[in-house]
Amino acid sequence: MAVPVVFLNILAVLLKAEHIVRDLDCCEYFAGRARIHEALISAGFDAASFEILWSPDTVNFNDTAGIVNAIILTLRLRPRALQWFATVCSTLG
């Protein structure tokens with residue numbers, strides 16, 4: 001897989017970013033109806049969700065902007081946070 005050098009430079013800067021605040025207890029990727037996200041929010045945790053159906057321009061893993069957004073969400077996770085990658089299901093049918 002060929003990755004543009006510019007993207008690798010952006011990734012390197014993000015990985016060294018001290019300015020990114022680690023403020024999330026959970027990030028749910030491929031969230032669908034975001035049940036895990038909602039449960040953690042209602043329990044008082046700080047959580048984010050990532051779902052292409054909500055905003056295809058910024059949360060698409062097949063797009064540069066989407067993968068950068070996912071990396072930033074990952075960098076925002078606190079130590080020992082939950083990073084949940086949901087499996088394909090039929091809840092959106």
Side-chain angles (χ1 to χ4, degrees):
M1 177 171 111
V3 178
V5 174
V6 173
F7 177 73
L8 292 176
N9 286 330
I10 292 169
L11 184 59
V13 168
L14 289 174
L15 291 174
K16 295 190 301 186
E18 293 87 22
H19 62 277
I20 295 178
V21 179
R22 294 188 174 265
D23 60 345
L24 294 176
D25 297 305
C26 172
C27 187
E28 181 182 7
Y29 298 90
F30 311 110
R33 294 193 179 181
R35 301 286 191 217
I36 292 170
H37 172 254
E38 290 174 3
L40 288 166
I41 292 291
S42 67
F45 292 98
D46 296 314
S49 53
F50 190 93
E51 173 57 55
I52 191 170
L53 296 176
W54 303 336
S55 180
D57 296 334
T58 58
V59 292
N60 182 355
F61 266 98
N62 296 321
D63 187 348
T64 303
I67 197 70
V68 168
N69 187 15
I71 291 168
I72 290 172
L73 284 173
T74 299
L75 291 173
R76 288 179 55 196
L77 291 171
R78 291 183 177 121
R80 289 178 274 206
L82 174 65
Q83 189 173 21
W84 184 271
F85 290 86
T87 57
V88 176
C89 65
S90 60
T91 58
L92 295 175

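For this chain, numbers begin at 1 and follow the sequence in order.
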Hey, can you tell me if Phe50 and Tyr29 have their rings parallel, tilted or perpendicular (30° and 60° cut-offs)?
->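 Because their plane-to-plane angle lies in the 30° to 60° range, the rings of Phe50 and Tyr29 count as tilted.
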Between Ile71 and Trp84, is there a shared hydrophobic cluster once you connect ILVMFWY residues whose side-chain heavy atoms come closer than 4.5 Å?
->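 No; tracing contacts between hydrophobic side chains, which count when under 4.5 Å, never links both residues.
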Does one hydrophobic cluster hold both Leu82 and Phe85, with members joined at side-chain heavy-atom distances below 4.5 Å?
->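 No; tracing contacts between hydrophobic side chains, which count when under 4.5 Å, never links both residues.
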Euclidean distance, Ile72 CD1 relative to Leu77 CG, rounded to 0.5 Å |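 If we round to the nearest 0.5 Å, Leu77:CG and Ile72:CD1 are 12.5 Å apart.
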What distance separates Glu51 CD from Glu28 CD, expressed to the nearest 0.5 Å?
->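 Answer rounded to 0.5 Å: 9.0 Å.
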Donor-acceptor pair, Gln83 side chain versus Cys27 backbone, under 3.5 Å?
->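 No: the side chain of Gln83 does not pair with the backbone of Cys27.
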Shortest non-hydrogen contact from Cys26 toward Ala81 =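 Between these two residues, the closest heavy atoms are N-CB, 4.5 Å.
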Just list the side-chain donor-acceptor pairs under 3.5 Å for residues 36-46, sequence neighbours left out, or say none.
unit_1 : atom_1 : unit_2 : atom_2 : d
His37  : NE2    : Ala47  : O      : 3.3
Ser42  : OG     : Glu38  : O      : 3.2
Ser42  : OG     : Ala39  : O      : 2.8
Asp46  : OD2    : Arg78  : NH2    : 3.3

